[in-house]
Amino acid sequence: MAMPAGLPIVDTLIGFPHEGFDQYDFIRKQTKDKGSQESEFPVEYMFKEVPKDLPTHDPVSVTLHEMDRYGIEIGLVSVADEATAFALKNHPDRFIPCGSLRDPNDVSGSVRAVRQAYEEYGIRALGAFPAGTFPQVAIDDPKMYPIYQTCVDLNIPIFCTAGIAGPRVKSAVQEVSRIDAVMFDFPDLVFVTRHGCEPWEELAVKLMLKWPNLYYSTTAFVPRYYPKAIIDYANTRGADKIIYGGYFPMGLTLERIFTDMEHVPFKDTVWPKFLSENARRVLRLDG
């Protein structure tokens, strides 16, 4: 049951080092507490070993080096990152592009942006963070429906944060129960949750049993904190539904993730699906 060596891993949430923390300004401006507004990383109360001192002169090489250390073959990266265009051009075998939903309040603009990213970069997925939008737009808000339909039309999955938000913003827009209506209205949409679904992880399991195109990724969690309900589900009926995702360099080092990963009690048959096969299928990496 220990993590097998030599499996080529697909990481469904990875990025590149940045100088400074300006990329989190959109979160800070929405918070009201002093700690969040003064923090470099607004979720630092949860992440105690944020990799802040990484070199930034060649960010793609830094990430590639870490990927090679831990057997990550392919990383899903946001096209909103300035380094992504260079990474995709020079290392197309190592990185695949993910669109970023910035402001679903602008419905037509968001749809155009998704289609433009598909045409320009060939995005294989779209990332969404409902609690990070301003004004907030819920998972099941009608404003999201044209965006979901666009994902269906382009045959790309949406990776969407669900559960209590890490930043000190309101979280009701990310309640896991909201996913039920979306899956009902869009049975062809492939929907992958990010960031844990807590405290509704057991509900997430129920919904994954119900909806064939609903998946769960383990982003932003040290493996020792993977919810028991998710591990139990992967080891029983959900081996095809749980997908590995990291959080480097946003909040976690790959060293911390994979040191902990050795102790996750997945069955031997689950590991290849969790680390690679499920992501490859959802992202259509094998054609």
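Side chains are part of it too, since the values below use all heavy atoms of this structure and drop only hydrogens, waters and symmetry mates. FYI, the numbering just counts along the sequence from 1.
From R115, atom CZ reaches atom CZ of R112 across 11.5 Å, with rounding to the nearest 0.5 Å. Distance check: T31 OG1 to K29 NZ gives 11.5 Å after rounding to the nearest 0.5 Å.
K206 and D180 are not joined by a salt bridge, as no carboxylate oxygen comes within less than 4.0 angstrom of a charged side-chain nitrogen. Salt-bridge formation is detected for the pair D232/K228: a Lys NZ or Arg NE/NH1/NH2 atom is positioned less than 4.0 Å from an Asp or Glu carboxylate oxygen.
Under the 4.5 Å side-chain heavy-atom criterion for grouping Ile, Leu, Val, Met, Phe, Trp and Tyr, M46 is connected to I27 within one hydrophobic cluster. Under a hydrophobic-cluster definition in which Ile, Leu, Val, Met, Phe, Trp and Tyr are linked whenever side-chain heavy atoms come within less than 4.5 Å, directly or via other members, Y121 and I156 are assigned to the same cluster. Cluster annotation: M3 is connected to Y225 through the hydrophobic network of ILVMFWY side chains, with a link wherever side-chain heavy atoms come within less than 4.5 Å. In the hydrophobic clustering of ILVMFWY residues, with side-chain heavy atoms under 4.5 Å counting as a link, V169 and M250 come out apart.
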Item to complete: Go through the steps to decide whether D81 and H18 satisfy the test side-chain contact (heavy atoms from CB on, under 4.5 Å), and finish with yes or no.
Response: CA-CA 9 Å; D81 192 297; H18 284 263; 2.7 Å; yes
Discussion item. Apply salt bridge (Lys or Arg N to Asp or Glu O under 4.0 Å) to residues D68 and R94 and explain how you reach the verdict.
Written reply: CA-CA 10 Å; D68 290 342; R94 303 299 303 277; 2.9 Å; yes
Worksheet item: Passes salt bridge (Lys or Arg N to Asp or Glu O under 4.0 Å), R69 versus E66? Steps please.
Response: CA-CA 5 Å; R69 285 181 66 193; E66 292 301 295; 3.3 Å; yes
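Between Y247 and F41, the ring planes lie tilted relative to each other; the angle falls in the 30° to 60° range.
Because its NZ or CZ atom is not both nearer than 6.0 Å to the ring centre of F47 and within 45° of the ring axis, R256 does not count as a cation-pi partner of that residue.
When each of I74, T63, T84 is tested with F95 by the rule side chain to side chain contact (heavy atoms under 4.5 Å, CB included), just one qualifies, namely T63. With Y244 as reference, D11 is the one residue of D11, T219, T218 to meet the side chain to side chain donor-acceptor pair (under 3.5 Å) rule.
Residues P59 and T56 come closest through the heavy atom pair CD-O, 3.3 Å.
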